[in-house]
Amino acid sequence: MWRPPHPPPRRSNAGPIVAISLVLLLFAGVALFGFIAANQRHSRTADVGYQRPPAAPTYSAPEDPTTTTTRTTTTTTRAGATTTRTTTTTRSTTTTTQSGPKPVYTLADNPLFSASNGVNEVTCNLPAWRNDPASSQAFFTAALPCLEQAWAPAMQRAGLPYSTPGLQFPSGSTWESPCGSASGASWAAFYCPQNNTIYMPFEGLQTDQNGTKSGVYLAVFAHEFGHHIQALSGVLDAYWDTRYEAGDQTAQGLELSRRSELQAQCFGGMWFAGGWNGGGSITDPVVRDMLADGYNRGDWNQNVPRDHGSPQHYGAWQEHGYKNNRTGPCNTWAAAAADVS
């Protein structure tokens with residue numbers, strides 16, 4: 001879930017949103033490691049992974065048409081005599097059987113996590129960030145194809161399906177989704193797996209604190225897109241099943257939540273590697289703002305469940321994804337418990 005800044009406002013009485021979401025946990029003091037990371041100049045990564053495809057791919061699942069033949073036997077009685085007649089009826093029925101790659105409902109051993117698979121290089125030319133709802137909507141709408149062009153080939157290489165997520169921009173501070181309701185602008189960006197949609201309500205983005213730092217808003221967006229990748233691969237369903245068995249709010253259940261959220265952070269960092277190497281709008285200042293922002297989030301408030309990871313880990317996994325651009329190093333399901341605390 002996306003938590004409010006310190007001090008937190010009262011939570012909505014409507015209940016928590018059952019969704020995968022990014023936490024915005026800004027606090028006054030920045031962790032020393034995050035401060036150092038934010039002020040270093042980041043050199044070009046030695047191995048970006050992949051060049052961008054020559055053209056934007058299209059994402060649609062083919063349908064397999066099938067024809068059904070039905071034979072019917074009709075018995076007719078006429079003037080005391082019985083005649084049996086066989087009629088053959090042919091009906092053409094088209095069934096929507098999706099062919100192609102299928103999700104794999106496992107965690108650590110999911111084919112998504114390969115030591116040799118990363119996002120493609122992609123050039124993103126985005127509109128300037130401005131702190132108003134219309135500009136925010138235009139910004140994220142333009143960013144979505146950039147995320148797709150980087151991630152869709154990686155999914156194809158892993159033998160996994162890809163489809164475009166929905167993108168919605170709820171207005172106001174109270175709104176509804178299939179995953180629940182939000183109230184009081186305490187929920188900003190989140191991914192709802194029930195309709196595979198990313199929600200980016202302007203009221204929750206805390207533009208008064210983040211100003212025009214587009215790297216911060218892109219980090220939020222890339223994190224939520226990371227949850228979409230988890231959903232398409234089958235990781236998300238496997239995670240929910242495992243957490244249900246462990247108990248949602250048990251120590252094990254909360255650790256599983258942290259593994260999911262920290263992985264989305266790592267995936268978000270991977271996308272910045274592809275975007276930075278592609279040039280365009282993903283410049284050095286944008287990357288520095290993204291990296292610094294990661295260390296300002298996480299479970300800093302000890303009065304709420306620890307379900308996202310410490311600020312140190314929240315930033316470190318994002319930076320890990322950026323520096324490596326490989327899905328294998330983002331396999332939080334195989335990480336030691338101490339690395340996802």
Side-chain angles (χ1 to χ4, degrees), residues 2 20-22 24 48-50 52-53 55-59 118-155 162-171 188-192 195-207 210-232 264-294 297 318 321-322 325:
W2 180 302
I20 302 297
S21 54
L22 176 63
L24 178 57
V48 64
Y50 302 94
R52 63 182 179 274
T58 56
Y59 316 114
V119 302
N120 277 36
E121 178 185 310
V122 59
T123 301
C124 296
N125 295 306
L126 304 176
W129 177 269
R130 293 184 175 85
N131 288 338
D132 65 82
S135 298
S136 168
Q137 183 170 339
F139 182 85
F140 292 124
T141 300
L144 181 58
C146 293
L147 284 146
E148 292 201 286
Q149 290 171 34
W151 269 108
M155 295 291 282
Y162 181 79
S163 60
T164 300
L167 183 56
Q168 292 193 23
F169 305 93
S171 60
F190 76 94
Y191 176 76
C192 177
N195 60 352
N196 297 112
T197 296
I198 298 173
Y199 290 80
M200 301 296 296
F202 181 78
E203 294 293 332
L205 289 177
Q206 294 181 305
T207 56
N210 297 317
T212 56
K213 295 179 179 179
S214 63
V216 173
Y217 306 112
L218 279 172
V220 171
F221 195 46
H223 174 105
E224 299 308 327
F225 195 91
H227 284 309
H228 181 58
I229 295 300
Q230 289 176 323
L232 295 177
Q265 278 292 92
C266 197
F267 284 171
M270 284 178 59
W271 177 78
F272 274 86
W276 188 86
N277 279 273
S281 299
I282 313 304
T283 60
D284 282 349
V286 169
V287 169
R288 283 197 295 269
D289 288 340
M290 174 270 295
L291 291 173
D293 177 68
R297 302 178 187 267
Q318 182 175 248
Y322 172 70
N325 186 21

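Source: prediction; values computed, not measured. The first residue in the sequence is number 1, and the count goes up from there.
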Trainee: Can you tell if the side chain of Ser171 reaches within under 4.5 Å of the side chain of Phe169, non-hydrogen atoms only?
Mentor: no
Trainee: For Phe272, what residues pass the ring-ring contact (aromatic ring centres under 6.0 Å, His included) criterion, not counting sequence neighbours?
Mentor: none
Trainee: Using side-chain heavy atoms (C-beta onward) and a distance below 4.5 Å, is Thr207 in contact with Tyr217?
Mentor: yes
Trainee: Is the closest side-chain heavy-atom distance between Met155 and Leu232 below 4.5 Å?
Mentor: yes
Trainee: State, without any angle test, whether His227 and Glu224 hold a side-chain donor-acceptor pair at a distance under 3.5 Å.
Mentor: no
Trainee: Distance check, rounded to the nearest 0.5 Å: Arg297 atom CZ versus Gln265 atom CD?
Mentor: 7.5 Å
Trainee: Please step through side-chain contact (heavy atoms from CB on, under 4.5 Å) for the pair Ile229 and Tyr162, ending with a clear verdict.
Mentor: CA-CA 8 Å; Ile229 295 300; Tyr162 181 79; 4.3 Å; yes
Trainee: Counting distance only, does the side-chain N/O of Trp271 pair as donor-acceptor with the main-chain N or O of Cys146 below 3.5 Å?
Mentor: yes
Trainee: Do you know which two heavy atoms are closest between Thr197 and Leu167, and how far apart they sit?
Mentor: CG2-N, 3.9 Å
Trainee: Walk me through whether Ile282 and Val122 qualify under side-chain contact (heavy atoms from CB on, under 4.5 Å).
Mentor: CA-CA 10 Å; Ile282 313 304; Val122 59; over 6 Å; no
Trainee: What is the distance from atom OG of Ser163 to atom CD of Glu148, rounded to the nearest 0.5 Å?
Mentor: 8.5 Å
Trainee: Drop me the distance from Met200's CE to Ser136's OG, to the nearest 0.5 angstrom.
Mentor: 6.5 Å
Trainee: Tell me the closest heavy-atom pair linking Pro153 and Ala150, and the distance in Å.
Mentor: CD-O, 3.8 Å
Trainee: Any non-hydrogen side-chain atom of Val119 less than 4.5 Å from a side-chain atom of Phe267?
Mentor: no
Trainee: For the residue pair Met290 and Asp293, establish whether any side-chain heavy-atom pair is separated by less than 4.5 Å.
Mentor: no
Trainee: Between Gly278 and Thr123, which heavy-atom pair has the shortest distance, and what is it?
Mentor: O-OG1, 2.7 Å
Trainee: Can you sort out the partners of Asn196 under side-chain contact (heavy atoms from CB on, under 4.5 Å), two or more places apart, ordered by chain and number?
Mentor: Tyr191, His228, Ala231
Trainee: Without swapping roles, check the side chain of Asp289 against the backbone of Ser214 for a donor-acceptor pair under 3.5 Å.
Mentor: no
Trainee: Where do Gly118 and Ala154 come nearest, in terms of heavy atoms and distance?
Mentor: O-CB, 3.5 Å
Trainee: Return all side-chain donor-acceptor pairs below 3.5 angstrom for residues 126-134, not counting sequence neighbours, or 'none' if the list is empty.
Mentor:
from: Trp129; atom 1: NE1; to: Asn131; atom 2: OD1; distance (Å): 2.5
from: Asn131; atom 1: ND2; to: Gly211; atom 2: O; distance (Å): 3.3
from: Asp132; atom 1: OD1; to: Ala134; atom 2: N; distance (Å): 3.2
from: Asp132; atom 1: OD1; to: Ser135; atom 2: N; distance (Å): 2.8
from: Asp132; atom 1: OD1; to: Ser135; atom 2: OG; distance (Å): 3.1
from: Asp132; atom 1: OD2; to: Ser135; atom 2: OG; distance (Å): 2.8

Trainee: Can you confirm whether Phe139 sits close enough to Leu218 that some side-chain heavy atom of one is under 4.5 Å from a side-chain heavy atom of the other?
Mentor: yes
Trainee: With heavy-atom distances below 4.5 Å as the criterion, would you say the side chains of Ser281 and Val286 are in contact?
Mentor: no
Trainee: Contact between Trp276 and Tyr322 at the side-chain level, heavy atoms closer than 4.5 Å - yes or no?
Mentor: yes
Trainee: Asn325 and Ala273: which non-hydrogen atoms are nearest, and at how many Å?
Mentor: CB-CB, 3.9 Å
